[in-house]
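All figures in this text were calculated on a predicted structure; none of them were measured in a lab. When a ligand or atom number is given, it counts from 1 through the structure's own listing order. By convention here, the first residue in the shown sequence is residue 1.
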Amino acid sequence: MKRILVTGGLGYIGSHTVVELILRDYDVTVIDNLSNSEEKVLDGIESICGQRPKWIDLDLSDRSRCHDYLKNQKFDGIIHFAAFKAVGESVKKPLKYYMNNIFSLVNLLRYVEKNVNCAFIFSSSCSVYGEAKKLPITEDSEIKSAESPYGNTKQICEEIIEESSVAYNLKSIALRYFNPIGAHPSGKIGELPIGVPQNLVPFITQSAIGIRGELNVWGNDYPTADGSAIRDYIHVVDLAEAHIVALERLLADKNESNTEVYNLGSGKGSSVLEVIEAFKKATGENLPYKISQRRKGDVISAYADTKLAEQKLGWKSKKTLEDALKDAWRWQKNKM
Ligand code: UD1
């Protein structure tokens, strides 16, 4: 049984990935300090797969505690999700973001440096592309100067991984997510936003259930067919499965270079207004909204070219936007 460490394994994407790993008989250890998750996520995971992963409550940016724990461990792979991710907060507290996101990565890579056969998967973001010149976005699109300290941590972390992979001969894959949405179809795990959700789908479900007021559509004057901005929404379970495929590629030594990078998206762009209509159709719920000013830092349109992931990983998203919205809605109702 291969031992896999999942950092941030009680978070949104992490918890769905833990489920897929356990279902495939991996021996999973989670490190999570509950900075943006809750212990009860373990109950959700256990009720889906009949098994509770080992859980270590550890702040990965704490070098000595991280070293003390990892020095006695033998992992075949690490999937590194643990990071702060609130774009707005990162602008107000950049040092908090650099400390946490960068130190955590470096501390983990110190372990991988001594255990070079340990496969390393990193959670990156399509935000590295900014407003891309060409759509759909391929992996070799230009990396733009980051719009926020959060986005910058993703770029810097990718660079640290690439340089370390070359210098220490490590095996790594960085996965650049487009917009992960939805929840596990069981309704037992999903996203747990703190405070007012900044992301579109959690705001939609909270608004539809009555926790929030009207949804603001940030801008209807973009140069798109209906004027609202376009994103590539990908079901979190599809995304979780991509992590397994990437991990198995490294475990089987099938990677073609020490650092590979893949876009993970559905390949399809949907506008904010299309998402609203899809939500209404998928759930039968009403969703009042109003048009507001554009949100600072938003790009007009971003969707993935998914050919590389299809060719090299043999992975393609299977679930539709409606599936994701139905699952997000089920999760929202269960949480009440
Ligand atoms: C955001 C982050 C991105 C991060 C990703 C993770 C920003 C600028 N970018 O992407 O770095 O990797 O989340 O999921 O925050 N929208 C509304 N009303 C709302 C909320 C959103 O109209 O109340 C619109 C946005 O303007 C955007 C689309 O919905 O056009 C998606 O927004 P969101 O879910 O926040 O994702 P991104 O901004 O694409």
- prompt: Please walk me through it: do Glu274 and Ser270 pass side-chain hydrogen bond (donor to acceptor under 3.5 Å, both in side chains)?
  reply: CA-CA 6 Å; Glu274 282 170 345; Ser270 306; 4.5 Å; no
I'd like to know whether ligand 1 has [X] as a neighbour, heavy-atom separation below 4.0 Å.
X: Tyr177; result: no
X: Ser125; result: yes
X: Tyr233; result: yes

Are [X] and [Y] linked by a side-chain donor-acceptor pair shorter than 3.5 Å?
X: Ser317; Y: Ser266; result: no
X: Asn169; Y: Asn258; result: yes
X: Asn286; Y: Lys280; result: no

Checking a contact table here: which protein heavy atom is nearest [atom], and how many Å away?
atom: atom 17 (C) of ligand 1; answer: Trp218 CD1, 3.0 Å
atom: atom 39 (O) of ligand 1; answer: Arg231 NE, 2.6 Å
atom: atom 8 (C) of ligand 1; answer: Asp298 OD1, 3.7 Å
atom: atom 10 (O) of ligand 1; answer: Asn179 ND2, 4.0 Å
atom: atom 30 (O) of ligand 1; answer: Ala229 CB, 3.3 Å
atom: atom 11 (O) of ligand 1; answer: Tyr150 CE2, 3.3 Å
atom: atom 24 (C) of ligand 1; answer: Val272 CG2, 3.7 Å

Exercise. Who gets closest to atom 1 (C) of ligand 1 by heavy atom: Val217, Val128, Asn199, Val87?
Worked result: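 The nearest heavy atom belongs to Asn199.
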>> Minimum distance, heavy atoms only, to atom 32 (O) of ligand 1: which one of Arg295, Arg294, Gln198 is it?
In response: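 The residue whose heavy atom sits nearest atom 32 (O) of ligand 1 is Arg295.
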Check your understanding: Salt-bridged, Asp323 to Lys318, with N to O below 4.0 Å?
Key ->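 The answer is no: the pair does not qualify as a salt bridge.
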| Ion pair present between Asp327 and Arg330, side-chain N to carboxylate O less than 4.0 angstrom? |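 Counted as a salt bridge, because a side-chain N and a carboxylate O are separated by less than 4.0 Å.
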Heavy-atom distances under 4.0 Å decide this one: backbone, side chain, both or neither, for Val299 against ligand 1?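 For Val299, there is no contact with ligand 1 at all, from either part.
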- With heavy atoms only and a cut-off of under 4.0 Å, state how Leu215 meets ligand 1: side chain, backbone, both or neither.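 The answer is the side chain of Leu215.
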- Task: Classify the angle between the aromatic ring planes of Phe120 and His80 as parallel (below 30°), tilted (30 to 60°) or perpendicular (above 60°).
- Result: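 Geometry flag for His80 against Phe120: tilted rings.
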Note to self: Students often mix this up, so state it plainly: with edges at 30° and 60°, are the rings of Phe81 and His243 parallel, tilted or perpendicular?
What the structure shows: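 Tilted.
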Counting each atom of ligand 1 from 1 as listed, which ones have a heavy atom of Ser127 under 4.0 Å away?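 Contacts of ligand 1 toward Ser127, numbered from 1: 11 (O).
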Which atoms from ligand 1 have a heavy atom of Asn216 less than 4.0 Å away?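 Per the distance check, 17 (C), 18 (N), 19 (C), 22 (O), 23 (O).
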* Asked: Is the Lys NZ or Arg CZ of Arg176 less than 6.0 Å from the centre of Tyr262's six-membered ring, within 45° of the axis?
  ->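 Pair Arg176/Tyr262 does not count as cation-pi.
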Centre of Phe84's six-membered ring, under 6.0 Å away, within 45 degrees of the axis: is that where NZ or CZ of Lys96 sits?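 Judged by the rule (NZ or CZ under 6.0 Å from the ring centre, within 45° of its axis), Lys96 counts as positioned above Phe84.
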Output field: ring centroids Phe279/Trp329 closer than 6.0 Å =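 For Phe279 and Trp329, the ring centres are under 6.0 Å apart.
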Check: Short N/O distance, under 3.5 Å, between Leu200 and ligand 1?
Finding: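 Yes, Leu200 has an N/O under 3.5 Å of an N/O on ligand 1.
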task: Return a yes/no value for Lys296: is any of its N or O atoms, backbone included, closer than 3.5 angstrom to an N or O of ligand 1?
output: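 No; every N/O pair is 3.5 Å or more apart.
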